[in-house]
Asker: 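Here's a structure for you.
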Amino acid sequence: MNILLAGKTHQVSEGATGFDLFELREVIAMHVNGEARDLSHVVVAEDKVEGILIDSPAGLEILRHSTAHVMAQAVQELFPNAKLGIGPYITDGFYFDFDVAEPFVPDDLKRVEKRMKELVGKSQRFTRIEVSDEEAKRLMADEPYKLELIGLKSEDVQEGSVEVSAGGLSVYENTNPDGSLAWRDLCRGPHLPNTRQIGKSFSLSRSAAAYWRGNENNKQLQRIYGTAWATKEALAEHLDRIEQAAKRDHRKLGVELDLFSFPEEVGSGLAVFHPKGGIIRKVMEDYSRAKHEEAGYEFVYTPHITKSNLFEQSGHLNWYSDGMFPPMKLDSEVGEDGEVRKQGVDYYLKPMNCPFHILIFKSRSRSYRELPLRMFEFGSVYRYEKSGVLHGLTRVRGMTQDDAHLFVTQDQLQQELTSVLKFVLDLLRDYGLNDFYLELSTREEGNPKFVGEDAIWESATKTLEQVANDSGLELVADPGGAAFYGPKISVQARDAIGRTWQMSTIQLDFNLPDRFNLEYVGSDGARHQPIMIHRALFGSIERFFGVLTEHYAGHFPPWLAPVQAVCIPVADEFADYLDIFASSLKKEGMRINVDHSDSRMQKKIRDHTLDRVPFIILAGARDVEAGTLAFRFRDGNQRNDIPLEEARQLIRDAIGNKEQV
RNA sequence: GCCGACCUGGCGCAAUUGGUAGCGCACCACUCUUGUAAAGUGGGGGUUACGGGUUCGAGUCCCGUGGUCGGCUCCA
């Protein structure tokens with residue numbers, strides 16, 4: 001019979017499997033008509049077959065999932081009472097969940113890893129068995145969680161589930177070379193042919209609890225995470241990437257560079273910015289204000305607390321009170337006669353700025369001539385995030401949003417969204433972020449939680465989509481991801497080491513204009529409801545600060561750097577020369593100083609390099625004589641004999657053009 | 001919030017089976033006055049997160065509180 005092998009017609013005998021088709025050892029599975037299959041799979045006439053190499057994306061998934069199996073086998077050998085949860089591959093690795101009486105400790109992981117290496121050495125075969133539901137239940141009788149999955153399989157199968165799929169069930173058995181059964185699991189496959197192919201390039205990284213089937217009302221199982229690669233080199237590179245990422249962790253750099261801290265005395269998730277971090281933040285804020293001013297925004301200011309009725313009207317208290325700090329209760333005053341002299345009132349810290357901006361809009365009647373009306377505020381908000389989710393500056397309880405609310409007419413919507421998106425992207429580019437994609441979050445059809453008329457959703461979603469498409473950026477759909485009150489576009493940015501961060505969001509709101517009865521008088525003299533757009537570019541300044549710190553690994557470009565230049569005299573006698581130079585630039589507003597300390601020059605270079613100062617400027621006898629300076633940069637490069645005026649211009653340009661050096 | 005681990009001078013780390021807190025960097029002083037990543041000497045600084053308990057004795061053991069870290073769940 002004929003099959004199509006790697007695009008070419010091949011003649012193979014009846015009953016041929018992948019083992020007959022591929023000689024390369026690196027081929028560990030195959031795609032048959034687009035479906036990943038074991039090599040033991042029997043092909044039939046006209047099948048389209050492609051080999052899967054172990055180091056290809058599909059191959060690595062199979063390798064990782066197979067490694068997860070071996071891990072589970074090792075765990076059950078060492079902990080006979082451990083019950084199996086699920087064990088899928090994930091980015092860079094895999095995990096497996098177990099129900100065990102005692103959580104794993106680091107030493108357990110070492111034992112498991114050791115046992116895994118032994119199992120890999122045993123050359124056990126992965127054997128696939130297609131089974132009926134009844135057969136599956138019989139084989140997995142001791143595994144309550146697997147039984148639950150078997151019961152679920154027809155409905156409610158999660159996307160990408162590795163245990164079961166909507167089709168028939170299968171079980172994988174690991175068998176020893178002598179044919180004896182070593183272990184089995186309910187699994188969709190495919191797998192490597194043999195445990196030996198897992199090799200040595202895997203390691204277990206950590207264990208943690210995870211809710212069964214991702215639901216916090218379910219029992220927590222113990223999850224072990226691991227990473228697995230096709231080669232030792234690839235594993236080493238992976239571990240190195242993790243190490244590099246750890247080095248640019250903003251929490252670590254925040255301490256090292258003296259940027260910010262989280263005093264225990266203040267409370268969890270509440271940051272204080274130190275002078276150096278304060279400079280960066282101030283530059284960011286100043287620049288943001290200037291850009292907003294240019295773009296026709298008006299600045300407003302609103303208080304941090306409000307009486308409860310505002311958030312009752314907005315609905316926040318109803319929907320999100322768990323995420324708000326509890327109220328400050330002003331007790332009522334009751335006279336001796338029992339008469340209430342003063343009503344009790346609750347005040348809340350604001351978790352959002354929108355209701356305040358809405359009140360400004362409502363403070364008088366509005367004409368269509370005033371629209372689009374753009375209100376901007378650095379609004380500090382407080383959200384009672386669960387203690388376990390706090391993370392440095394990227395997830396905090398007190399933050400300042402660069403928040404704006406735009407009130408527009410239906411006709412203005414597209415134009416306004418287009419310019420907001422351009423505004424956002426331009427601003428992010430100024431911060432060295434220029435690799436973006438967009439995510440369009442839309443509502444789920446038929447879900448009653450989404451408010452607003454169908455027609456409005458439809459047209460607004462279409463408008464957003466059009467604006468997103470017109471931007472020319474990659475657009476990823478996020479169906480069902482919209483807030484209940486409107487669809488949104490979010491801008492995702494990739495940082496210097498390829499991680500993506502959700503940055504800006506542009507969100508339509510069909511709810512608040514309604515709840516607050518917003519209206520303007522149109523050219524027809526009638527009252528109309530404006531459309532409201534929420535948008536934040538940084539998201540929160542704190543979060544953006546954290547992301548930028550990691551993006552630059554603390555090497556802030558000169559325009560943001562807390563100290564832009566430090567001058568180091570080769571010997572004390574040249575300090576005056578540098579003082580004159582530095583003060584000339586200081587007058588221009590530059591953050592430059594001369595290091596007069598007692599340390600040796602080499603020591604000063606080291607200190608300021610570690611402090612990530614962009615320009616280190618040296619001068620000695622040669623320079624004083626020639627009227628020049630020597631530059632040293634953070635990467636160790638130097639430029640010598642630069643005339644004073646050229647040196648000034650070099651720094652001015654780098655700052656003015658927001659260049660990285 | 002849940003599970004687990006952790007919390008020692010500003011920072012990074014030590015302290016054998018519970019025996020009475022050390023080191024490096026930083027800081028201060030003095031000496032040295034230097035051409036591209038660490039000069040030398042001396043000095044100051046910790047009621048070991050906080051509160052309780054066990055013990056002759058607690059940084060080490062137990063309980064509680066706070067905080068941090070890694071996950072899970074969540075993120076208007």
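Chain naming here is simple, since letters A, B, ... match the order of the sequence lines and numbering starts at 1 in each.
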Asker: Would you check if there is a donor-acceptor pair between the side chains of Thr505(A) and Ser490(A) at a distance under 3.5 Å?
Answerer: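 Side chains of Ser490(A) and Thr505(A): no pair found under 3.5 Å.
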Asker: Rounding to a whole Å, what distance do you find between Glu265(A):CD and rC7(B):C1'?
Answerer: 14 Å
Asker: Counting the atoms with a prime plus P, OP1 and OP2 as sugar-phosphate, which does Leu610(A) contact under 4.0 Å by heavy atoms, base, sugar-phosphate, or nothing?
Answerer: base
Asker: Verify the contact: side-chain N or O of Arg223(A) to OP1 or OP2 of rG71(B), cut-off strictly under 4.0 Å; return yes or no.
Answerer: no
Asker: Counting any heavy atom closer than 4.0 Å, what does Glu256(A) reach on the DNA or RNA strands: base, sugar-phosphate only, or nothing?
Answerer: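 No contact.
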Asker: Report yes if a side-chain nitrogen or oxygen of Thr609(A) is closer than 4.0 Å to either non-bridging phosphate oxygen (OP1 or OP2) of rA37(B); otherwise report no.
Answerer: no
Asker: Atom CZ of Arg606(A) to atom P of rA38(B): distance rounded to whole Å?
Answerer: 7 Å
Asker: Would you mind pulling out the nucleotide paired to rG57(B), Watson-Crick or G-U wobble, both distances under 3.5 Å?
Answerer: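 Across all strands, not a single nucleotide pairs with rG57(B).
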Asker: Using the P atoms only, state how far rC61(B) lies from rC2(B), rounded to an integer number of Å.
Answerer: 24 Å
Asker: Across all strands shown, which nucleotide pairs with rA26(B) by Watson-Crick or G-U wobble geometry, both distances under 3.5 Å?
Answerer: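 Base-paired to nothing in any strand shown.
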Asker: Would you kindly compare Gly269(A) and Arg622(A) by the position of their nearest RNA chain B nucleotide and give the one closer to the 5′ end?
Answerer: Arg622(A)
Asker: Is the shortest distance from a Lys or Arg side-chain nitrogen in Lys276(A) or Asp611(A) to a carboxylate oxygen in the other one below 4.0 Å?
Answerer: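 A salt bridge links Lys276(A) with Asp611(A).
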Asker: Does the base of rC75(B) carry an N or O that pairs as donor and acceptor with the side chain of Arg383(A) under 3.5 Å?
Answerer: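 Such a pair does not exist between side chain and base.
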Asker: For rG19(B) versus rG24(B), give the span between their C1' atoms, rounded off to a whole number of Å.
Answerer: 27 Å
Asker: Provide, to the nearest angstrom, the distance between the CZ atom belonging to Phe104(A) and the C1' atom belonging to rC3(B).
Answerer: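 Distance check: Phe104(A) CZ to rC3(B) C1' gives 13 Å.
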Asker: Measuring from the side chain of Pro103(A) (C-beta onward, heavy atoms only), which nucleotide among rG66(B), rC3(B), rU34(B) has the closest atom?
Answerer: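 Comparing rG66(B), rC3(B), rU34(B) against the side chain of Pro103(A), the answer is rC3(B).
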Asker: Name the closest nucleotide to the Arg395(A) side chain, picking from rC74(B), rA49(B), rG1(B).
Answerer: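 So the nucleotide nearest the side chain must be rC74(B).
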Asker: Any strand is fair game: report the nucleotide pairing with rG51(B) by Watson-Crick or G-U wobble, both distances under 3.5 Å, or none.
Answerer: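 Per the H-bond distance test, rC63(B).
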Asker: Whether His608(A) contacts rU36(B) is assessed here as follows: a side-chain N or O lying under 4.0 Å from the phosphate OP1 or OP2. Is that the case?
Answerer: no
Asker: Roughly how far apart, to the nearest Å, are rG70(B) and rU31(B) at atom P?
Answerer: 48 Å
Asker: Taking the ring centre of each residue, are Phe407(A) and Phe361(A) less than 6.0 Å apart?
Answerer: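 Between Phe361(A) and Phe407(A), which both carry aromatic rings, the centre distance is below 6.0 Å.
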Asker: Under 6.0 Å from the six-membered ring centre of Phe356(A) and within 45° of its axis: does the NZ or CZ of Lys350(A) meet both?
Answerer: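 Yes, a cation-pi geometry.
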Asker: When the P atoms of rA58(B) and rC50(B) are considered, how many whole Å apart are they?
Answerer: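 Those two atoms are separated by 15 Å.
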Asker: Nearest to the Ala210(A) side chain among rC72(B), rU36(B), rC3(B), which nucleotide is it?
Answerer: rC72(B)
Asker: Check the phosphate of rC32(B) against Lys603(A), side-chain N and O only, distance under 4.0 Å to OP1 or OP2. Yes or no?
Answerer: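 For rC32(B), OP1/OP2 do not have a side-chain N/O of Lys603(A) under 4.0 Å.
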Asker: What's the closest nucleotide to the Ala621(A) side chain, out of rG66(B), rG35(B), rG70(B)?
Answerer: rG35(B)
Asker: Using atom P of each nucleotide, how far apart are rU68(B) and rU8(B) to the nearest Å?
Answerer: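 Looking at atom P only, rU68(B) and rU8(B) are 14 Å apart.
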Asker: For a quick check under 3.5 Å, do Trp212(A) and Asp97(A) share a side-chain donor-acceptor pair by atom type?
Answerer: no
Asker: rC69(B), OP1 or OP2 - any side-chain N/O from Arg251(A) closer than 4.0 Å?
Answerer: yes
Asker: What nucleotide among rU33(B), rU36(B), rA37(B) has an atom nearest to a side-chain atom of Asp572(A)?
Answerer: rU33(B)
Asker: Between the side chains of Asp108(A) and Arg111(A), is the shortest nitrogen-to-carboxylate-oxygen separation below 4.0 Å, so that they form an ion pair?
Answerer: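 Answer for the salt bridge query: yes.
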Asker: Looking for any heavy atom pair under 4.0 Å, which part of the strands does Tyr225(A) touch: base, sugar-phosphate only, or nothing?
Answerer: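 Sugar-phosphate, backbone atoms only, no base.
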Asker: Could you check whether Ser387(A) gets within reach of a base, just the sugar-phosphate, or nothing at all, counting any heavy atom under 4.0 Å?
Answerer: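 Contact class for Ser387(A): base.
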Asker: Classify the side chain of Gln638(A) and the base of rU36(B) as holding, or not holding, a donor-acceptor pair under 3.5 Å.
Answerer: yes
Asker: Can you tell me which nucleotide in rU73(B), rG67(B), rG35(B) comes closest to the side chain of Asp623(A)?
Answerer: rG35(B)
Asker: Calculate the interatomic distance between Phe633(A) atom CZ and rA37(B) atom P; express it in whole Å.
Answerer: 15 Å
Asker: If you only use heavy atoms from C-beta on, which nucleotide in rA37(B), rA76(B), rC3(B) is closest to the side chain of Tyr320(A)?
Answerer: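 Nearest to the side chain of Tyr320(A) among the choices is rA76(B).
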Asker: Let's test this: given Watson-Crick or G-U wobble pairing with both distances under 3.5 Å, identify the partner of rA39(B).
Answerer: rU31(B)
Asker: Rounding to a whole Å, what distance do you find between Phe325(A):CZ and rA76(B):P?
Answerer: 17 Å
Asker: Find the partner of rG45(B): check Watson-Crick (N1-N3 plus N6-O4 or O6-N4) and G-U wobble (N1-O2, O6-N3) distances, both under 3.5 Å, and reply none if neither fits.
Answerer: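 None - no nucleotide pairs with rG45(B), as no candidate has both distances under 3.5 Å.
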Asker: Kindly indicate whether the side chain of Tyr211(A) and the base of rG1(B) share any N or O donor-acceptor pair separated by less than 3.5 Å?
Answerer: yes
Asker: For residues 98-106 of chain A, please give each side-chain donor-acceptor pair under 3.5 Å, one per line with the distance, not counting sequence neighbours.
Answerer:
{"residue": "Asp99(A)", "atom": "OD1", "partner": "Lys219(A)", "partner atom": "NZ", "Å": "3.2"}
{"residue": "Asp99(A)", "atom": "OD2", "partner": "Tyr145(A)", "partner atom": "OH", "Å": "2.6"}
{"residue": "Asp99(A)", "atom": "OD2", "partner": "Lys219(A)", "partner atom": "NZ", "Å": "3.3"}

Asker: For Phe484(A), which contact category applies under a 4.0 Å heavy-atom criterion: base, sugar-phosphate, or nothing?
Answerer: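 No contact.
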Asker: Output yes when at least one side-chain N/O atom of Tyr384(A) is less than 4.0 Å from OP1 or OP2 of rG1(B), else no.
Answerer: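 For rG1(B), OP1/OP2 do have a side-chain N/O of Tyr384(A) under 4.0 Å.
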Asker: Please report the distance, rounded to the nearest Å, between CZ in Phe450(A) and C1' in rA76(B).
Answerer: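 Going from Phe450(A) (CZ) to rA76(B) (C1'), I get 13 Å.
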Asker: When you get a sec, tell me which of rU34(B), rC72(B), rA49(B) is the closest nucleotide to the side chain of Val389(A)?
Answerer: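 Per side-chain heavy atoms of Val389(A), the pick is rC72(B).
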Asker: Can you check the distance between rU36(B) and rC32(B), where both ends of the measurement are the P atom (answer in whole Å)?
Answerer: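 Taking atom P in both rU36(B) and rC32(B), they lie 23 Å apart.
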Asker: Does the Lys NZ or Arg CZ of Arg543(A) fall within the cation-pi geometry relative to Phe538(A) - under 6.0 Å from the ring centre and within 45° of the axis?
Answerer: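 No, cation not above the ring by the 6.0 Å, 45° rule.
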Asker: Among rC2(B), rU36(B), rC32(B), find the nucleotide with the atom closest to the side chain of Arg632(A).
Answerer: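 Closest nucleotide to the Arg632(A) side chain: rU36(B).
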Asker: Under 4.0 Å, heavy atoms only, any strand: does Gly214(A) hit a base, just the sugar-phosphate, or nothing?
Answerer: sugar-phosphate
Asker: Which nucleotide in the list rC75(B), rA76(B), rC2(B) gets nearest to the side chain of Pro351(A)?
Answerer: rA76(B)
Asker: Does NZ or CZ of Arg223(A) lie under 6.0 Å from the centre of the six-membered ring of Tyr95(A), at an angle within 45° of the ring axis?
Answerer: yes
Asker: Counting only Watson-Crick pairs (N1-N3 plus N6-O4 or O6-N4) and G-U wobbles (N1-O2, O6-N3), all under 3.5 Å, who is the partner of rU68(B)?
Answerer: rA5(B)
Asker: Under 4.0 angstrom, heavy atoms only, what part of the nucleic acid is Ala630(A) near: base, sugar-phosphate, or nothing?
Answerer: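 Base contact.
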Asker: Mapping Glu216(A) and Met352(A) onto RNA chain B by nearest heavy atom, which one lands closer to the 5' end?
Answerer: Glu216(A)
